[in-house]
Amino acid sequence: MTEHRPMTEASPVKVPTLPDAQTITDVKHWTDRLFSFRCTRPASLRFRSGEFVMIGLMGDPDPKTGKQKPLLRAYSIASPSWDEELEFYSIKVQDGPLTSKLQHIQAGDEIILRPKPVGTLVHDALLPGKRIWFFATGTGFAPFASLLREPQTYEDYDEVIITHTCREAGELEYGAELIENLKHDELLNEVIGEGFWKKIKYYPTTTREESAKMGRITDLIRSGEAYADLGVDPINPDNDRAMICGNLAFNLELKAMLEEYGLEEGANSKPAQYVVEKAFLD
Ligand SMILES: Cc1cc2nc3c(=O)[nH]c(=O)nc-3n(C[C@H](O)[C@H](O)[C@H](O)COP(=O)(O)OP(=O)(O)OC[C@H]3O[C@@H](n4cnc5c(N)ncnc54)[C@H](O)[C@@H]3O)c2cc1C
Ligand SMILES: NC(=O)c1ccc[n+]([C@@H]2O[C@H](COP(=O)([O-])OP(=O)(O)OC[C@H]3O[C@@H](n4cnc5c(N)ncnc54)[C@H](OP(=O)(O)O)[C@@H]3O)[C@@H](O)[C@H]2O)c1
């Protein structure tokens with residue numbers, strides 16, 4: 001179940017109005033560990049769908065000097081490059097320096113946003129192909145929330161396969177709702193073409209709670225079950241391109257699998273067949 005929860009806990013540290021301050025316009029809590037929020041977009045910010053920026057709040061005052069420093073973390077921009085606002089999809093780490101506070105933000109509050117987007121999960125880092133795979137675990141879905149709403153994704157590829165592996169079913173809700181909403185998005189259906197979303201094959205799986213499909217995507221691909229479920233041919237370097245975003249072990253395992261299939265890692269400076277980025281450090 002998704003819900004807009006009233007914010008009853010302590011309010012976050014207010015950010016003094018800085019040149020890099022942006023205003024929160026909407027917050028939605030998906031589980032006790034996950035929330036998404038939207039904020040204003042700096043007029044100067046240009047980014048490519050799939051990139052990340054540094055965002056944060058002012059840290060606590062230094063006990064000796066009383067000075068406050070910005071507490072910033074990397075965040076994938078979950079909204080597409082054409083959106084007039086920005087969206088983020090966030091974890092709530094109980095003792096996390098930033099997210100223990102950030103989880104309390106409400107519409108009207110301010111966050112700090114450094115307008116210097118970077119990242120490897122961009123179409124520019126891939127050579128042309130027929131089918132693109134987006135592989136995510138947990139909040140690693142965020143850059144794909146951007147790319148799934150990016151017209152270029154559908155211009156460049158005949159098929160778009162998005163896999164999302166989480167521990168629990170509730171952790172799939174943000175992605176599931178976003179993909180369902182694409183069907184009814186009048187603007188995207190007009191701009192990209194009516195029924196563009198039919199190119200998407202969505203494959204959500206859970207590992208620690210019962211759901212329609214259980215298992216790690218890596219195991220499901222190895223066994224061939226994922227191909228059978230999706231009704232697609234195995235990955236091959238001629239047709240397939242891939243983007244990976246998840247925890248480190250997942251990234252490394254999938255990277256090794258794609259290399260075995262004959263895909264090579266790309267970069268902005270040298271486009272190839274797949275790209276990878278961490279969803280969080282460690
Ligand atoms: C390139 C990049 C992009 C990122 N994009 C996002 C994003 O879009 N959304 C997001 O929520 N986080 C994202 N992160 C992680 C983010 O930068 C912070 O680590 C996170 O917001 C927690 O901050 P914190 O200060 O509360 O705790 P930290 O001190 O930063 O982290 C504490 C611990 O929490 C765990 N953790 C941190 N982030 C996550 C996560 N996302 N999922 C599960 N466990 C986590 C790790 O074990 C970490 O050691 C990204 C990180 C990188 C490197
Ligand atoms: N998710 C929760 O409910 C929860 C609750 C409290 C605390 N935490 C803590 O928060 C941190 C992050 O948890 P998270 O659930 O967001 O992220 P995570 O541990 O990275 O797991 C996300 C998903 O990725 C899968 N996965 C992990 N390694 C993989 C690999 N090599 N190949 C394929 N799939 C792989 C996991 O499967 P497996 O389940 O098989 O590992 C899980 O389904 C952890 O330190 C955790 O202890 C999580």
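Ligands are counted one by one from 1 in listed order, and the atoms in each one are counted from 1 as well.
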Salt bridge Arg149-Glu87, side-chain N to carboxylate O under 4.0 Å:
yes

Sidechain N-carboxylate O distance under 4.0 Å for Arg208, Glu168
no

Which residue supplies the protein heavy atom nearest to atom 30 (C) of ligand 2, what is that atom called, and how far is it?
Arg216 NH1, 3.3 Å

Flag for Ser81-Glu150: side-chain donor and acceptor within less than 3.5 Å
yes

Check each of Arg167, Arg33, Gln94 against atom 16 (O) of ligand 2 and report the one with the nearest heavy atom.
Arg33

What does the list of residues with a heavy atom under 4.0 Å from ligand 1 look like, ordered by chain and number?
Phe52, Arg73, Ala74, Tyr75, Ser76, Tyr89, Ser90, Ile91, Val93, Gly96, Pro97, Leu98, Thr99, Thr139, Ala142, Lys278, Ala279, Phe280, Leu281, Asp282

Test applied, side chain to side chain contact (heavy atoms under 4.5 Å, CB included); reference residue, Phe134; option that passes from Thr163, Thr153, Leu121, Ile200:
Thr153

Do we see a donor-acceptor contact under 3.5 Å between the side chains of Trp30 and Ser36?
yes

Side chain, backbone, both or neither: the part of Thr165 lying under 4.0 Å from ligand 2 by heavy atom
both

Testing the 3.5 Å rule here: is there a donor-acceptor pair between the side chains of Ser49 and Gln152?
no

Can you check whether Gln106's main-chain N or O pairs, donor with acceptor, with Asp109's side chain at less than 3.5 Å?
yes

What atoms of ligand 2 come within less than 4.0 Å of a heavy atom belonging to Thr207?
36 (C), 37 (O), 38 (P), 39 (O), 40 (O), 42 (C), 43 (O)

Would you say the rings of Tyr154 and Phe196 are close, in the sense that their centroids are separated by under 6.0 Å?
yes

Considering only residues two or more places apart or on different chains, which pairs with a residue in residues 227-245 satisfy salt bridge (Lys or Arg N to Asp or Glu O under 4.0 Å)?
Arg131-Asp240, Lys213-Asp229

Under a 4.0 Å N-O cut-off, is there an ion pair linking Glu173 with Lys28?
no

Judged by heavy atoms only, the candidate from Leu254, Thr31, Asn247 nearest atom 26 (N) of ligand 2 is Asn247

Quick check: does any side chain N or O of Glu190 sit under 3.5 Å from a backbone N or O of Glu186, one acting as donor and the other as acceptor?
no

Element-labelled atoms of ligand 2 that are located less than 4.0 Å from some non-hydrogen atom of Ala249:
31 (N)

May I ask you to check whether Thr137 and Thr165 show a side-chain donor-acceptor distance below 3.5 Å?
no

Looking only at protein heavy atoms, identify the closest one to atom 22 (C) of ligand 2 and say how far it is in Å.
Thr137 CB, 4.0 Å

What are the atoms of ligand 2, with element, lying closer than 4.0 Å to any heavy atom of Thr218?
32 (N), 33 (C)

To check your reading of the model: name the closest protein heavy atom to atom 31 (N) of ligand 2, its residue, and the distance in Å.
Glu253 OE1, 2.8 Å

Nearest non-hydrogen contact to atom 1 (N) of ligand 2 from the set His164, Glu168, Glu171 belongs to Glu171

Side chain, backbone, both or neither: which applies to Cys166 and ligand 2 if a contact is any heavy-atom pair less than 4.0 Å apart?
backbone

Any protein heavy atom lying closer than 4.0 Å to atom 45 (O) of ligand 2?
no

